[in-house]
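In what follows, a structure is listed as structure tokens, so that the remarks can point back to it.
Numbers here are sequence positions counted from 1. Being a predicted model, the structure only gives us computed values, none of them experimental.
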Amino acid sequence: MSLPPPSASAKLSAPIDLPLVRRRFGQPQRVAESDFLRREVSARMQERLALVKIAPREVLDAGCGEGADLPVLQKRYPEAQVIGLDGAYGMLAKAADHQRGAQTAMNRLFGSINKWLGSGPHAAGPELACADFASLPLAANALDLVWSNLALHWHPQPDRVFAEWRRVLRVEGLLMFSCFGPDTLREVRSAFEQIDLAPHTLPFVDMHDFGDMLVNAGFSTPVMDMETITVTYETPQRLLEDVRAWGGNPLESRRRSMMSRSQYQRLLAAFEAMRKPDGKIPLTFEVVYGHAFRPVPKTTAAGESIIRFERPPR
């Protein structure tokens, strides 16, 4: 699905080449080596989600990738319909393969898939859809929970994404997401400064700006926090391989020409200079976490105030 034309109020987080992002993530083998961090962040999000008492009927995993979080969400909410959505068709194809494989394995084990998933309306498992985060193929007020793990930072207009997520959430529905913050890949930016002044990583959005976007989109009392995760490497080459596996540099303003041999050697030397006393080269990830609810409306569509009267206790 193509990105709809921006509205006058839409803001670019960065000039991201969205078709390029989809092509890169459409090759699951290209990004497989970086999945360990997505699994770690997912586990930390699940800990946060466990503190929120909700019983959703419909759940959306926005940016589901190969679908690793889908069975986790389905297990947490066995009565819910879980939908996996991603902008990269190749990822969804892999998710479908995993889903079929799990069903086949359980069929062999139990003789019937219904013994695993139950005989209810969701026995076939999560549904999958390919679409843009800012233009979902869902009706308004269709969901109770939107979950998104390390995907939002790949979209050039997060304010439009938040507005769309609010549209599809029911009143008092929950949004929970994670994404990278500004300190992410700071070592890569520093090393490439030895080569040229072109941008080599995304200028990730600050969590306070995300909080403002959530309020402007109509969410109530957003809660934002962050933490730093450091991954270490034996060699600069291995570090750069993982950076490419995380999506690389999808900016439209990225450098298009190849580095010369001398530039590449300067780049490696810059990373070598970052080695810590333990001999490892660090790579920083600032992980931003956010959650917010769609509030009960205070005005009607015509702009009239809604006044609610609570029945006094007897």
Quick one: does any side-chain atom of [X] pair with a main-chain N or O of [Y] as donor and acceptor, under 3.5 Å?
X    : Y    : answer
D209 : V205 : no
Q99  : P126 : yes
T232 : K280 : no
N249 : P199 : yes
H291 : L174 : no
T228 : E286 : no

Any chance the rings of [X] and [Y] have centres within less than 6.0 Å?
X    : Y    : result
Y289 : F210 : no
F285 : W246 : yes
W165 : F219 : no

Taking [X] as the fixed residue, which of [options] is the one that meets the side chain to side chain contact (heavy atoms under 4.5 Å, CB included) rule?
X    : options            : answer
P236 : M274, E241, R275   : R275
L251 : T201, D17, L202    : L202
C64  : L73, V82, L85, L92 : L92

Considering all heavy atoms of both residues, which atom of [X] and which atom of [Y] are nearest to each other, and what is their separation?
X    : Y    : answer
E40  : R44  : OE2-NE, 2.7 Å
M224 : V288 : CE-CG1, 3.6 Å
I195 : R255 : CG2-NH1, 3.6 Å
L37  : L150 : O-CD1, 4.3 Å

Salt-bridge test for [X] and [Y]: reply yes if a basic N is under 4.0 Å from a carboxylate O, no otherwise.
X    : Y    : value
R160 : D132 : no
R294 : E172 : no
R39  : D69  : yes

[X] and [Y]: side-chain donor and acceptor closer than 3.5 Å?
X    : Y    : result
R186 : T184 : no
S42  : R38  : no
S178 : N149 : yes
D144 : Y77  : no

Q: Tell me, yes or no, whether the heavy-atom count around Y89 atom OH, taken from other residues, nucleotides or ligands under 6.0 Å, exceeds 12.
A: no
Q) If you draw a 6.0 Å radius around CG in L51, do more than 12 non-hydrogen atoms from other residues or ligands fall strictly inside? A) yes
Q: Walk me through it: do Q27 and R30 pass the test side-chain hydrogen bond (donor to acceptor under 3.5 Å, both in side chains)?
A: CA-CA 5 Å; Q27 305 172 54; R30 176 191 173 97; 5.3 Å; no
Q: Tell me, with the steps shown, if E187 and T284 meet side-chain hydrogen bond (donor to acceptor under 3.5 Å, both in side chains).
A: CA-CA 7 Å; E187 294 85 359; T284 299; 2.6 Å; yes
